Participant: 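Just passing along the structure, written as structure tokens.
This one's a predicted model, so the numbers in the text were calculated from it and none came from an experiment. Computed over heavy atoms, backbone and side chain alike; hydrogens, waters and symmetry mates excluded.
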Amino acid sequence: MSDNIESHLSENRVFKPSKEFSKNARIKSMAQYKRMHKESIEKPGVFWAREAKELTWQKKWTKPLDWKAPYAKWFVGGKLNVCENCVDRHLTNGRANKAAIIWEGEPGESRNLTYRQLHREVCQFANVLLAQGIKSKDRVLIYMPMVPEAVIAMLACARIGAVHSVVFGGFSAESIVDRLSDCKAKAVVTADGGYRRGGVVPLKANVDEALKKYKAVDTVIVHQRIGDKIPMKRGRDVYWHDEAAKVSAKHEAKAFDSEHPLFILYTSGSTGKPKGILHTSGGYLTSTYSTCKYIFDMQDDDVYWCTADVGWVTGHSYITYGPLANGVTQVMYEGAPNHPDFGRFWDIVEKYSVTIFYTAPTAIRAFIKAGDQFPDSRDLSSLRLLGTVGEPINPEAWMWYHEKIGGGRCPIVDTWWQTETGAIMISPLPGCTPTKPGTATLPFFGVDAAILDETGEECGPNEGGKLVIRKPWPSMLRSIYGDKKRYRDTYWNDYTGMYTAGDGARTDKQGNFWIVGRLDDVLNVSGHRLGTAEVESALVEHKAVAESAVVGRPHEIKGQGVVAFVTVKGNVKTSDALAKELRNHVGKVIGAIAKPDEIHFTPSLPKTRSGKIMRRLLKELVATGGISGNITTLEDYSVIADLQKNLKK
Ligand code: WT7
């Protein structure tokens, strides 16, 4: 169908889990998976109620699901406290003195928090939030480095029913302004800084800049990570440790409705400003708990490490909520994978005997490039299971991961999901699913995934189409915060009653799902979603720019790189200095990940007769250097010839 769905090369290598792994895994055979999957699709209420019952509910639900497309309510009438489930629950089930978080700072220090200590810290911070006047459903923006306090702040919000919105520490002050004003946050939790690649990220300074534009924040709570003297605004800014010293470390977790909002997380779409994806409590916790249990096969003696940042959904579901609900021990690392060199991750695996390791294809490609000497010189024999997320993994990277990191013995779970889905949707189960490099394989329990063509017919094997989910699932997004219309238009408009993911995909003869990539104007840069429209609007904000078009180009490490075509205003002179200025401008408006790798100045952009920029042509041009597709709708052919010349320079 659509010309942007490219077909994959056929991949015939199949890897089955060892007998040893299967024997100890939760799901041991394909027969068991198929039986449970069938039940989960035919009787979702029965399946999910059984999963949810493993959690602590202060009041049991009356109905597992209420579905009026596109709105789902899970565990209707049930009441629970998400934080209690991640923390308090483990004080009475034998895990009180078990390490919850083993943290390593980039400079090298480490800290160990047991579940009992985590409980104390979370209760204390919940009391700090209450003392600052934060109430149930108030929005709290969290802008933190990768330190335990980030997780503590999230859990403390959940504990008192406040809604957190975590903003990735790499985003700029202006990104904070957009998110603050969209969710109308009352308070900000941040740090004086965080260590990254040997330097200090000035988090509090960015918050100060953002709050010059958004003034409705009453309180800024600052965790002291660095210890340098920084400006503190009287009456607004307080130090975490000062306030903690004033309150009790006891706090009783009250129950909230299963559909109580838990968090808003912003993600890029094809048009306009980032969307505030809204997740709620009972269903979200059930899915994240259950996926950790079955897909990461979490066992009591595991040491689990997810290398994502808490600012992304992976950090929400697979650092904070899922792993802690399972009572596992996890490693958390503050800094960059290449600091002081590319051996850092493997040092950490060796030092803490990590058993389950979850990272992104872009990181794997960077490690491959850095050289085998780094993993080769470390003892990685503690690892038993590996995972990836964020983008399709290229088979070469999969094989390297399998051999060099997994020593050929660890199953790899390639997990497909999205900020919107809340939890993993398509993935192997490590004890049973035969894996092939490059496919996320089969739908998880309760996930009714399919690939449809434009008419709504299901595609046959090896036919490209749109990935949809045909039934509601517990951790699905409930809306786009404050914009129900955009929610319906974005996700529920293609086929009646079905969720469209925005990804192109195909299945093979065995029913494995091969995700090809986004179908909309969304880039995947180092596993992060970036709307081309966002980067374009940042460029056009600059006084020199009249118009711009942004496309992705395949990039060896990042998956996709950002390429910007820019038309400048009347009498502006183009220069390398201007290109540099524009790159920095985008970095300032969005964050460093959005900086274009290339900027091409052009007197005009290829457009249709009705004036729409033909990004498809630009994309092809940067990828191949030429145009082979249909250009009959192009208004002015000479534009392409000029661009082609320009790119060759
Ligand atoms: C988009 C979602 C979910 C956490 C990280 C990204 C792509 C994600 C895979 C995978 C192929 C993948 C998709 C998806 N994606 N995982 N295993 N194989 N593609 O979350 O920022 O919401 O991005 O990432 O295109 O739609 P996100």
Side-chain angles (χ1 to χ4, degrees), residues 1-6 268-273 502 504 516-525 529-556 558-587 589-590 594-649:
M1 45 165 274
S2 144
D3 58 5
N4 43 5
I5 299 177
E6 300 121 35
S268 299
S270 50
T271 51
K273 290 254 155 77
V516 180
R518 301 292 303 181
L519 295 170
D520 50 15
D521 288 322
V522 170
L523 307 178
N524 191 326
V525 179
R529 259 159 79 172
L530 210 55
T532 54
E534 264 174 282
V535 185
E536 286 165 5
S537 95
L539 284 165
V540 174
E541 254 177 46
H542 190 281
K543 59 182 188 309
V545 176
E547 199 172 34
S548 86
V550 168
V551 294
R553 112 163 342 169
H555 186 284
E556 202 191 338
K558 298 199 271 189
Q560 273 187 306
V562 182
V563 180
F565 292 87
V566 172
T567 307
V568 291
K569 282 183 189 155
N571 33 26
V572 174
K573 274 225 166 68
T574 62
S575 64
D576 289 347
L578 179 62
K580 191 171 169 210
E581 192 180 318
L582 292 178
R583 288 188 75 243
N584 290 336
H585 176 74
V586 173
V589 176
I590 306 175
K595 281 188 182 177
D597 298 275
E598 298 167 29
I599 290 190
H600 300 287
F601 293 110
T602 169
S604 48
L605 292 165
K607 288 186 186 166
T608 62
R609 274 160 241 258
S610 61
K612 270 181 91 175
I613 296 173
M614 294 179 78
R615 285 192 193 75
R616 174 172 66 82
L617 298 185
L618 294 172
K619 201 175 153 190
E620 192 183 339
L621 201 61
V622 296
T624 67
I627 302 288
S628 63
N630 184 341
I631 53 166
T632 49
T633 53
L634 188 65
E635 196 211 24
D636 178 1
Y637 294 94
S638 67
V639 174
I640 288 292
D642 286 349
L643 282 172
Q644 232 166 332
K645 254 191 276 158
N646 208 329
L647 281 172
K648 287 216 178 83
K649 268 196 260 164

Participant: How long is the straight-line distance from CG of Leu530 back to CZ of Arg518, given to the nearest 0.5 Å?
Facilitator: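 With rounding to 0.5 Å, CZ (Arg518) is 12.0 Å from CG (Leu530).
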Participant: Please step through side-chain contact (heavy atoms from CB on, under 4.5 Å) for the pair Leu523 and Val550, ending with a clear verdict.
Facilitator: CA-CA 9 Å; Leu523 307 178; Val550 168; 4.2 Å; yes
Participant: What closest approach, in Å, do Ala623 and Pro554 show between heavy atoms, and which atom pair accounts for it?
Facilitator: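 Closest pair (atom of Ala623, atom of Pro554, distance): CB-CD, 4.1 Å.
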Participant: If I compare all heavy atoms of Thr602 with all of Leu605, which pair ends up nearest, and what's the gap?
Facilitator: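 That closest heavy-atom pairing would be CG2-CD2, 3.9 Å.
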Participant: List for me each residue that meets side-chain hydrogen bond (donor to acceptor under 3.5 Å, both in side chains) alongside Gln560, sequence neighbours excluded, and say none if there are none.
Facilitator: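 Gln560 satisfies side-chain hydrogen bond (donor to acceptor under 3.5 Å, both in side chains) with no other residue.
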Participant: Between Val586 and Val562, is any pair of side-chain heavy atoms under 4.5 Å apart?
Facilitator: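 No. Closest side-chain heavy atoms not under 4.5 Å.
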Participant: Taking side chain to side chain contact (heavy atoms under 4.5 Å, CB included) as the test, write out the residues that go with Ala579, two or more places apart.
Facilitator: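 With neighbours one apart ignored, the set is Ile599, Phe601.
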Participant: Taking side-chain hydrogen bond (donor to acceptor under 3.5 Å, both in side chains) as the definition, give me every residue that meets it alongside His600, ordered by chain and number, with sequence neighbours left out.
Facilitator: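 Once residues adjacent in sequence are excluded, the partners of His600 under the side-chain hydrogen bond (donor to acceptor under 3.5 Å, both in side chains) criterion are Glu598.
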Participant: My understanding is that only residues two or more places apart in sequence, or in another chain, count here; which of them pass salt bridge (Lys or Arg N to Asp or Glu O under 4.0 Å) with Lys558?
Facilitator: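 So Lys558 forms a salt bridge (Lys or Arg N to Asp or Glu O under 4.0 Å) with Asp597.
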Participant: Evaluate the side-chain contact (heavy atoms from CB on, under 4.5 Å) criterion for residues Val639 and Leu643: first the C-alpha distance (whole Å), next the side-chain angles of each, then the deciding distance (0.1 Å), finally the verdict.
Facilitator: CA-CA 6 Å; Val639 174; Leu643 282 172; 4.2 Å; yes
Participant: Would you say the side-chain atoms of Arg583 pair up with the backbone N or O of Pro596, donor to acceptor, closer than 3.5 Å?
Facilitator: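 Present.
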Participant: Give, for atom CD1 of Ile590 and atom NE2 of His585, the distance between the pair rounded to the nearest 0.5 Å.
Facilitator: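 Atom-to-atom, Ile590:CD1 and His585:NE2 are 9.0 Å apart.
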Participant: So, using side-chain hydrogen bond (donor to acceptor under 3.5 Å, both in side chains) as the criterion, who are the partners of Ser270 when residues are at least two apart?
Facilitator: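 Per chain and number, Ser270 pairs via side-chain hydrogen bond (donor to acceptor under 3.5 Å, both in side chains) with no residue.
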Participant: If you define the side chain from C-beta out and look only at heavy atoms, does anything of Asn584 sit under 4.5 Å from Lys595?
Facilitator: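 Side chain of Asn584 against side chain of Lys595, heavy atoms only: contact under 4.5 Å found.
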Participant: Mind checking salt bridge (Lys or Arg N to Asp or Glu O under 4.0 Å) for Asp636 and listing every partner two or more places apart, or none if nothing turns up?
Facilitator: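 If we apply the salt bridge (Lys or Arg N to Asp or Glu O under 4.0 Å) test to Asp636, skipping adjacent residues, there are no hits.
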Participant: Among residues two or more places apart or on two chains, list those pairs meeting side-chain hydrogen bond (donor to acceptor under 3.5 Å, both in side chains) that have a residue in residues 569-580.
Facilitator: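 As it turns out, there is no side-chain hydrogen bond (donor to acceptor under 3.5 Å, both in side chains) pair with a partner in residues 569-580 once direct neighbours are skipped.
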Participant: Mind checking what makes side-chain hydrogen bond (donor to acceptor under 3.5 Å, both in side chains) contact with Ser628, not counting sequence neighbours?
Facilitator: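 Ser628 satisfies side-chain hydrogen bond (donor to acceptor under 3.5 Å, both in side chains) with Glu620 once adjacent residues are dropped.
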Participant: Once rounded to the nearest 0.5 Å, what's the spacing between atom CD1 of Ile640 and atom CG of Leu617?
Facilitator: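 The CD1 atom of Ile640 sits 4.5 Å away from the CG atom of Leu617.
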Participant: Could you pull out every donor-acceptor pair under 3.5 Å between side chains of residues 538-548 and any protein atom, sequence neighbours left out?
Facilitator:
unit_1: His542; atom_1: ND1; unit_2: Ala544; atom_2: N; d: 3.0
unit_1: His542; atom_1: NE2; unit_2: Glu581; atom_2: OE2; d: 2.8
unit_1: Glu547; atom_1: OE1; unit_2: Lys607; atom_2: NZ; d: 3.1
unit_1: Glu547; atom_1: OE2; unit_2: Lys607; atom_2: NZ; d: 2.9

Participant: Which residues pass the salt bridge (Lys or Arg N to Asp or Glu O under 4.0 Å) test with Arg529, sequence neighbours left out?
Facilitator: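 Arg529 satisfies salt bridge (Lys or Arg N to Asp or Glu O under 4.0 Å) with Glu420 once adjacent residues are dropped.
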Participant: Kindly give the heavy-atom pair with the smallest separation between Ala549 and Ile613, and that separation in Å.
Facilitator: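 Ala549 and Ile613 have their closest heavy atoms at CB-CG2, 3.7 Å.
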Participant: Atom CD of Glu534 and atom OG1 of Thr271: how far apart are they, to the nearest 0.5 Å?
Facilitator: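 These two atoms lie 10.0 Å from each other.
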Participant: Nearest 0.5 Å, please: how far is CG in Leu618 from CZ in Arg553?
Facilitator: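 Spacing of CZ (Arg553) from CG (Leu618) equals 11.5 Å.
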Participant: If we ignore hydrogens and angles and just use 3.5 Å, is the side chain of Thr532 paired with the main-chain N or O of Asp521 as donor and acceptor?
Facilitator: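 Yes, because the side chain of Thr532 sits within donor-acceptor range (under 3.5 Å) of the backbone of Asp521.
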